[in-house]
Every structure is written in structure tokens, then in C-alpha cells.
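Notes follow once the structure below has been shown.
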2 protein chains.
Amino acid sequence: MGSYNVKQEVTDKYSLRGRVFHRLREDILSGKYEEHEELKEVAISEEMGVSRTPVREAFRQLELEGLIQIIPNKGAYVTGITEKDVKDIYIIRSLLEGLCARWATEHITPEQMEEMEENVYLAEFHASKGHLEQLAELDNRFHDILYEACDSKILEHQLKDFHQYVLRVRKKTLSNANRGPKSNAEHARIMEAIKNKDADLAESLAHQHMINAYDNMVKNGLHEAYEKEKKNNE
Amino acid sequence: MGSYNVKQEVTDKYSLRGRVFHRLREDILSGKYEEHEELKEVAISEEMGVSRTPVREAFRQLELEGLIQIIPNKGAYVTGITEKDVKDIYIIRSLLEGLCARWATEHITPEQMEEMEENVYLAEFHASKGHLEQLAELDNRFHDILYEACDSKILEHQLKDFHQYVLRVRKKTLSNANRGPKSNAEHARIMEAIKNKDADLAESLAHQHMINAYDNMVKNGLHEAYEKEKKNNE
DNA sequence: TCTCGTATGATTGTATACAATTATACGAGA
DNA sequence: TCTCGTATAATTGTATACAATCATACGAGA
């Protein structure tokens with residue numbers, strides 16, 4: 001970690017540095033690079049057809065994103081995410097998602113409300129059909145809507161950070177066929193609370209929603225991820 | 001904001017880029033550069049006696065730190081912090097500081113406990129003498145001890161981020177002569193709860209501690225900061 | 001006088017050259 | 001055989017040169 005939470009987004013997708021940044025980010029999150037793998041500037045720059053300069057700048061940003069660790073004069077290494085890290089993030093998120101739901105209750109716009117309803121309705125359909133891929137996508141989007149609705153740039157960004165960061169692990173957990181539909185049912189309840197302007201209920205439901213996701217993850221996917229982590233350390 | 005919360009620290013204080021980064025950071029937080037002021041690569045590099053390369057890399061990092069905003073092909077601008085941003089951060093911090101106190105209760109080491117006692121004792125002394133500068137320093141340190149004691153890299157970094165980010169505003173609030181001693185009295189109570197292994201109490205006290213700081217800030221310093229912000233926007 | 005296009009300069013973006021540091025290989029000496 | 005020092009290669013760190021983009025000034029034409 002390392003910085004100071006009112007962070008800026010890396011929106012520049014058009015400069016070479018921006019492209020390198022986003023592509024490396026994608027590759028790391030998707031698992032193309034193993035944890036603790038060393039990223040060499042020349043190799044990356046040749047692979048992407050650019051010079052070292054934009055690669056280095058992208059590295060600096062990825063370091064602050066927590067995706068790589070740079071050891072001075074040595075190299076850049078893909079950071080591992082430990083079991084404890086993931087657990088901690090879920091606990092922290094449970095608090096912040098609660099706060100987010102509270103604020104969303106107070107600030108959500110009619111348009112956002114409508115998109116949320118559509119999201120839950122659509123997800124229900126895909127859940128019944130067993131479309132796990134679409135379900136995962138809608139799950140992500142539901143939370144994004146919530147983040148935007150809370151009307152706090154700070155909190156929104158904070159949560160998006162966490163959300164994206166645990167995606168590596170989360171992919172595994174949501175592919176658990178049981179959790180998807182359950183998760184969406186919880187979304188529906190959160191949405192109802194927001195609709196009824198019951199901020200207390202929305203907060204506690206959103207909080208519990210994260211705790212449930214956490215419990216599910218501990219039971220299923222996390223062990224697998226942890227084993228992989230251990231193996232890499234051998 | 002903008003990044004993915006398991007962030008790395010920028011520990012490299014020895015490379016030119018590291019020095020530029022830390023110095024610029026210091027200068028921005030201390031107020032040497034006005035909000036919305038444009039930072040030019042050449043000017044900075046000449047001032048610090050280095051080339052543009054390390055300056056540019058430091059800029060990328062400062063952008064993710066949220067201290068500057070980079071508009072592609074235009075320039076780097078010191079970010080403003082709005083009244084709402086600060087308020088949001090305090091609310092978020094109040095939750096996380098509570099969680100931190102809870103975890104600290106469970107994981108604090110005897111050495112950390114001892115440093116905390118020493119901190120509170122010393123602060124009491126300086127409070128009685130009206131040494132505001134030392135009091136502010138000890139206040140910062142108290143929270144750092146708490147962050148380290150919670151034994152969660154993720155949460156520790158998250159809180160350090162927030163803590164440092166609002167320092168610009170916080171300096172003003174703590175210079176309010178009343179808050180310093182009050183704050184330390186609250187520290188003492190938090191410490192007692194941790195010592196007695198009462199995690200629930202520690203959490204609620206730490207939470208309230210932040211709320212109090214927030215209330216104090218709203219009453220005193222924030223208005224001033226906000227006026228300055230408005231003035232810059234004119 | 002006003003508008004708009006163009007030229008000029010300033011600034012950022014990228015590539016490349018060079019310096020400093022680190023990793024590796026190899027061989028001398030014990 | 002093992003250890004350690006040195007030479008070499010590989011890699012990162014920094015400086016500089018060049019390209020692309022943006023801001024400004026100026027003047028032609030209406």
C-alpha cells in the first residue's frame with residue numbers, strides 16, 4: 001500500500017504509458033503473470049513495442065496500486081496477496097459498503113435507482129438460467145452503482161479500489177454456483193431498503209452482504225488461492 | 001483517489017526520484033504550493049538539480065497519491081481538497097479507526113503498549129505546559145502506534161494514507177488550544193480499554209474520538225480552509 | 001474592430017544514450 | 001572441493017534529444 005487515499009484515477013488510456021499501465025494491470029489481475037514474478041522493463045517494452053520510459057512510469061503507478069513491488073536497483077515483482085490480506089479487505093469493505101449504502105439511501109438519483117432495479121431483475125433471470133458469467137458481471141455492476149450513488153468521490157474510489165483488488169480471488173468465489181443467486185437476493189433486499197429510505201437497514205444489509213461473501217469465500221475459494229500462494233513460496 | 005488499496009510505500013528515499021517524490025510531497029502538504037497551482041517539469045527539475053525523468057516518475061506517483069492531478073499533454077496541478085472530501089474522510093476514518101482499535105486490542109505487543117503509555121504520559125505533560133507543537137507530534141505518533149499495533153498491513157496503510165492526507169487541514173484544527181488536551185484524554189481512555197482487552201469499548205472510543213475531532217474541525221478550522229478553497233476558485 | 005487561421009514558442013510525451021548498480025560466471029588460492 | 005574475489009553481463013537509474021501536443025501572439029480578411 002502506500003498512498004494517500006484521495007487518489008486520482010488513471011484515466012489516460014491513450015498515451016503509451018496509459019496503455020502500458022492498463023494492459024499490465026489487466027495481465028496481472030487476470031493471472032497472466034504469476035505472483036512474485038519479476039517484470040523486466042526491456043521485456044515489457046519490447047513486447048508492447050514501446051521504449052522503457054512509459055514502461056517505467058507505468059511501473060511506478062502499478063507500485064502504488066499495490067500490484068507490483070519495486071525494489072530499488074533490483075526489479076519489479078508482482079505482489080502476492082496473502083490470505084490475511086484478503087480477509088482484512090473484506091472486513092474493511094464490510095464497514096465501508098455499509099456506509100456506502102447509507103449514503104446511497106440519502107443521495108441516490110432516480111436514474112441510478114432505475115438502473116439498480118434493472119440490474120437486480122436481470123440478475124434474477126440469469127440466476128435462474130445458471131448464467132454464472134453474466135451474474136458475476138451484474139454483481140460487479142450492482143456494487144458500482146451503489147458506489148456512484150453514495151455521492152462521495154472519496155468513498156466511491158476507495159471501494160472501487162478494494163473491489164477491483166480482490167477480483168483475482170473473487171472470480172473463484174463467485175464461480176461457486178450457490179453464491180451467485182444468494183448474492184443477488186441480498187442485493188434485492190438492499191435495494192428495497194434504499195428505496196424505502198431506510199438508511200439503517202440498508203447499511204446493516206450491505207454490511208452483512210459483505211460478511212456473507214467473506215464467509216462463502218473462506219469456505220470455498222480462499223483455500224485454493226492460499227495453497228497456490230504457499231506453493232509459490234516454496 | 002485511485003488505487004488499489006493494498007498499496008506499496010514509497011520507501012526509496014535515496015534515488016533521485018525518491019528524493020523528488022518526498023520533497024514535492026512535503027512541499028504540497030506544507031502548503032508551499034497553492035492548490036490548483038501548476039507544477040512544471042522543467043522548473044521542478046531545475047530547482048532540484050535533476051533531469052525531467054525522475055521528476056516525471058515522481059509526478060506519476062504523486063498523482064496516485066492524490067496530491068496532484070495530471071491532465072494529459074497539459075500539465076500537473078496541485079489538487080484541491082474540498083470541504084466535503086475532508087468530512088467524508090473523517091467519517092470513513094472513524095469507522096476504520098474503530099476497527100483498528102479493536103484489532104489492536106487483540107494484537108498489540110508489550111513493546112507497543114509501553115510506547116503508547118509513554119506517549120500519553122508525555123502528551124499530558126506537554127498539554128499542561130501548552131506545548132502545542134509537541135502535542136500535535138505526539139498525537140500523530142499515537143495514531144501511528146495504533147495503526148502498527150492492529151497487525152494488518154492493509155488497514156495500517158489505509159489509515160496512514162488518510163491520516164497524512166488530511167494533515168493539511170488537521171494542522172489548523174490541532175492548533176486550536178482546546179482540542180489538544182481533550183484529544184489526549186481520549187487517547188488515554190482508548191489505551192485503557194486496549195490494556196483491559198476490552199475490544200468493544202476500544203472500538204467505540206476510537207470511533208468517537210474521530211467523530212469528536214471531526215466536530216471540532218467543523219466548528220473551527222474547516223471554515224477557514226473552505227474559504228481559501230473558494231477564493232482559489234474565483 | 002472583430003474573427004479566425006497560422007506561426008511561433010512552451011510544455012509534455014517518448015526514445016535513446018549513458019551511468020550506476022546488481023547478478024552471474026569463472027578461476028585462483030587454500 | 002570449497003571459498004572468495006574479480007570480470008563480465010544484465011538490469012535499473014538518469015540525462016538528454018527529439019516528437020507531438022498545446023498555448024499564445026500576431027496579422028489578414030471581412
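Everything numeric here is computed off the predicted structure, so don't read it as measured data. Below, all heavy atoms of this structure are taken into account, side chains as well, without hydrogens, waters or symmetry copies.
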If the condition is side-chain hydrogen bond (donor to acceptor under 3.5 Å, both in side chains), which residues does [X] pass it with, not counting sequence neighbours?
X      : answer
A:E133 : none
A:N119 : none
B:H107 : none
B:Q112 : B:T109

Handout entry: Stems where DNA chain C pairs, listed by first number, each of three or more Watson-Crick or G-U pairs under 3.5 Å
Key =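 Expected stems, ordered by start: C:1-30 with D:1-30.
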
Which residues share a salt bridge (Lys or Arg N to Asp or Glu O under 4.0 Å) with [X], sequence neighbours left out:
X      : answer
B:E47  : B:R23, B:K32
B:D88  : B:K84
A:E148 : A:R141, A:K160
B:E41  : B:R52, B:R56

Are there any protein N/O atoms within less than 3.5 Å of an N/O atom in nucleotides 9-11 of chain C, and if so, which ones and at what distance?
from: C:dT11; atom 1: OP1; to: B:K40; atom 2: NZ; distance (Å): 3.2

Fill in the blank from the handout: In 5'-to-3' order, the base (B), backbone-only (S) or no-contact (-) status of each nucleotide in nucleotides 14-19 of chain D, using a 4.0 angstrom heavy-atom cut-off, is BBBB--

Exercise for the section: For atom CD of B:E117, decide whether the heavy atoms of other residues, nucleotides or ligands shown that lie under 6.0 angstrom number more than 12. Expected result: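 Above 12, so yes.
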
Handout entry: Qualifying residues under ring-ring contact (aromatic ring centres under 6.0 Å, His included), relative to A:Y33, sequence neighbours excluded
Key =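 Checked A:Y33 against ring-ring contact (aromatic ring centres under 6.0 Å, His included); zero matches.
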
